[in-house]
Amino acid sequence: MTILDKPQYRAPRYEKAPLSLPPLPVPYPMTRTDRVPVQRYYDPAFYATECERLWPRVWQMACFLAEIPNPGDYVTYEILGKSVIVVRVDEGTVRAFHNACRHRGVQLVEGRGNVKGSGFICPFHGWCYGLDGANTFLYQPDLFDESNRLPEDLALVPCRVETWGGCAFINFDNDAPSLRESIGPFAQFHDVWKVEGLWPEWWLSCRMPTNWKLAMEAFMEGYHVMQTHPQLVAKGASSKVYRPVGESMSDLEFRTQMTVLGSDAPFDKAAFVQQNLHFMRTLSVGMAGMIHEKDVRVAEGLSNIELPDNLGEAMAAWNRAVNDAIIDWNQRQGIDMPDLNYIEANGMVGGVEFCFPHFFLLPMLSSSSAYRVRPLGPEECLFELWSLTRYPPGQEPPAPPEPTPMAPDDPRWPPIPTQDFSNLPRQQRGLHAEGFEFMRLSGWVEGMIANYQRLIDGYLAGLPYEQLVPAIHQVVGPIDAESRDIGF
Ligand code: FES
Ligand SMILES: [Fe+2]
């Protein structure tokens, strides 16, 4: 049986009453798993409800730890007008503080830097703070009433921060369950990938004239690949032969689909190898971590490999050879690599993996891409794209500087994001069309969109974490998921 014979799967579709636990009614709620009310993408009241009830309660990827490798290194993470300082205290300790001087509120730092030795010095009147947040200097304290200079009252206000996977995550809610508990399966999956060893190689950002959810949804399904990224589809494939890259699809099937689907010609081993290399190069062009050019070069060294005559066996042999060669190439430089063959055998090559609410990891072979989306307004967001790779210990380059946001049509964007970004602004405009009331979703390949939208409703309705956390576990993970009953 090939993937073409896969039986048609009927995704479950349920209809539910709008979530409205008094006193928190949800505007424009998700009531079907295959329809998204269009106002969720531009209505100011809906956006305001998200700002009030969603963002203050979620774990947010605030920075890569590679940005703060040394004691005193800090970054600021900005979200919806709030600024949080994430600072490295020592090798094992990262802390976060709300970015406001306890005197008259000036933001202590901007961007990224190092305050080792001096600590944080307020630029207004010179009050100082240590890496632990304690106030260490107050200019002429006797000018202040004693009640205004109690030490515990002068320390920077801490913000929750936890680290996982080479990243620091913050949460504004002191009552939220731990990061690990919250993102559960996403962390377990990527622990096998050893994502903590991935290091940012470059970083780009885009100011996108779309709602933040619209930008994310462009990466939640592979259904658009056929039309938007035709270079990723084998010649001869047509929309008739598209099958979702579902959870159960192995890397073998995934690469088979991308490289040989639609070809009626008899199996030609040399052409097969060239087609695989071509696919790797196409994914690699300008995207680095998507498939790193280091990996392409290693695979190119296998051009003359002996393969079995049978297509399925040849694919398995080719993948194993590529995995082995890449592991070997990296290990010879002292790089700790994940077991790519184990990952493949266990169907853990998902392509794009979503971490609620706004982060994606796309590990592939030695490297990875990452995306993050932050709202800037009801119809504007900041989209960030990283290429991550592995370096020999001690030879990691400095983390790339925070980029100046580019326009979505900037010619410097690599080909694949250029194609995605070409749709997004016009989609946002299309949502305002007369008579367009809801997006209609495939309950199979576009189910993730419904699942996370319903999860957002859970937050907007003020549901307790006992209900939200199991739902997050249903939502995080590989894209192209089917629509699910997430428990509410
Ligand atoms: S506002 Fe910071 S020292 Fe005055
Ligand atoms: Fe895309």
Side-chain angles (χ1 to χ4, degrees), residues 58-62 64-66 162-169 171 177-200 216 219-222 244-255 283 289-292 295 319 323 326-327 330 335-373 385-390 445 447-449 451-452 455 468-484 486-487:
V58 285
W59 285 103
Q60 303 176 39
M61 199 295 256
F64 284 100
L65 296 175
E162 291 180 22
T163 61
W164 168 81
C167 302
F169 289 72
N171 195 323
S178 72
L179 170 67
R180 185 90 204 189
E181 197 182 330
S182 298
I183 64 173
F186 183 84
Q188 284 159 17
F189 180 93
H190 289 99
D191 283 341
V192 182
W193 272 97
K194 300 189 178 179
V195 295
E196 69 281 0
L198 290 165
W199 193 269
M216 301 214 315
F219 303 93
M220 287 188 172
E221 42 83 5
V245 185
E247 279 184 302
S248 57
M249 182 178 259
S250 67
D251 183 43
L252 176 66
E253 287 176 304
F254 173 71
R255 290 196 219 167
L283 269 180
M290 188 86 92
I291 284 191
H292 204 283
D295 296 349
N319 287 349
N323 290 342
I326 288 171
I327 291 171
N330 282 275
I335 296 170
D336 183 25
M337 279 289 288
D339 184 344
L340 297 175
N341 289 311
Y342 173 88
I343 285 171
E344 187 168 317
N346 288 279
M348 298 173 73
V349 184
V352 187
E353 302 275 329
F354 170 53
C355 183
F356 185 79
H358 74 339
F359 185 54
F360 292 89
L361 273 173
L362 301 78
M364 189 68 89
L365 300 171
S366 74
S367 305
S368 181
S369 298
Y371 306 149
R372 181 173 65 183
V373 183
L385 167 61
W386 287 266
S387 173
L388 312 170
T389 192
R390 299 174 199 273
V445 288
M448 174 172 274
I449 294 172
N451 299 339
Y452 97 100
L455 176 54
L468 293 173
V469 169
I472 297 172
H473 293 183
Q474 289 281 333
V475 168
V476 298
I479 64 158
D480 281 319
E482 75 285 4
S483 58
R484 295 173 185 155
I486 61 168

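In this text, all values refer to a predicted model and were calculated from it rather than measured experimentally. For the single chain, residues carry numbers from 1 onward in sequence order. Below, each value reflects all heavy atoms present in this structure, side chains not excepted, and no hydrogens, waters or symmetry copies.
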Original post:
Hey, mind stepping through Asn171 and Leu179 against side chain to side chain contact (heavy atoms under 4.5 Å, CB included) and telling me if it holds?
Top reply: CA-CA 9 Å; Asn171 195 323; Leu179 170 67; over 6 Å; no

**OP:** Might you work through the side chain to side chain contact (heavy atoms under 4.5 Å, CB included) test for Asn323 and Leu365, ending with a clear yes or no?
**Re:** CA-CA 7 Å; Asn323 290 342; Leu365 300 171; 3.5 Å; yes

**OP:** Test Val58 against Phe356 for side chain to side chain contact (heavy atoms under 4.5 Å, CB included), laying out the working first.
**Re:** CA-CA 8 Å; Val58 285; Phe356 185 79; 3.8 Å; yes

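Between Leu283 atom CG and Asp295 atom CG the span is 11.5 Å, to the nearest 0.5 Å. How far CG of Asn330 is from OG of Ser367: 7.5 Å, rounded to the nearest 0.5 Å. The CG atom of Leu361 lies 10.0 Å from the CH2 atom of Trp386; values are rounded to the nearest 0.5 Å. Atoms CG and CG, from Leu468 and Leu455 in turn, are 6.5 Å apart once rounded to the nearest 0.5 Å. The CD1 atom of Ile343 sits 4.5 Å away from the CH2 atom of Trp193 when rounded to the nearest 0.5 Å. Distance check: His473 NE2 to Ser182 OG gives 6.5 Å after rounding to the nearest 0.5 Å.
At least one donor-acceptor pair closer than 3.5 Å links the side chain of Trp59 to the backbone N or O of Pro177. For the pair Ser368 (side chain) and Leu388 (backbone), a donor-acceptor distance under 3.5 Å is absent. Asn451 contributes a side-chain N or O that, together with a main-chain N or O of Glu482, makes up a donor-acceptor pair within less than 3.5 Å. When atom types are taken as modelled, the side chain of Trp164 and the backbone of Phe169 share no donor-acceptor pair closer than 3.5 angstrom. For Arg484 (side chain) and Gly447 (main-chain N/O), no donor-acceptor pair under 3.5 Å exists by modelled atom type. Remark: side-chain polar atoms of Asp480 are paired, donor with acceptor, to backbone N or O of Gly222 under 3.5 angstrom. Not one N or O on the side chain of Arg390 forms a donor-acceptor pair closer than 3.5 Å with the backbone of Met337.
A heavy-atom distance below 4.5 Å is found between the side chains of Leu362 and Tyr371. Contact check for His358 versus Gln60: side-chain heavy atoms found under the 4.5 Å cut-off.
Taking every heavy atom of both residues into account, Ala187 and Arg180 meet most closely at CB-CZ, 3.8 Å. Closest approach of Pro357 and Met216 over heavy atoms only: O-CE, 3.0 Å. The two residues Met290 and Met364 have their closest heavy-atom pair at O-CB, 3.1 Å. When all heavy atoms of Ala370 and Phe359 are compared, the closest pair comes out as CB-CE1, 4.0 Å. Considering every non-hydrogen atom in both Ser366 and Thr389, the closest pair reads OG-OG1, 4.3 Å. Closest of all the heavy-atom pairs between Met348 and Tyr342 is SD-CE2, 4.4 Å.
Between Phe360 and Phe354, the two ring planes are tilted [angle within 30° to 60°].
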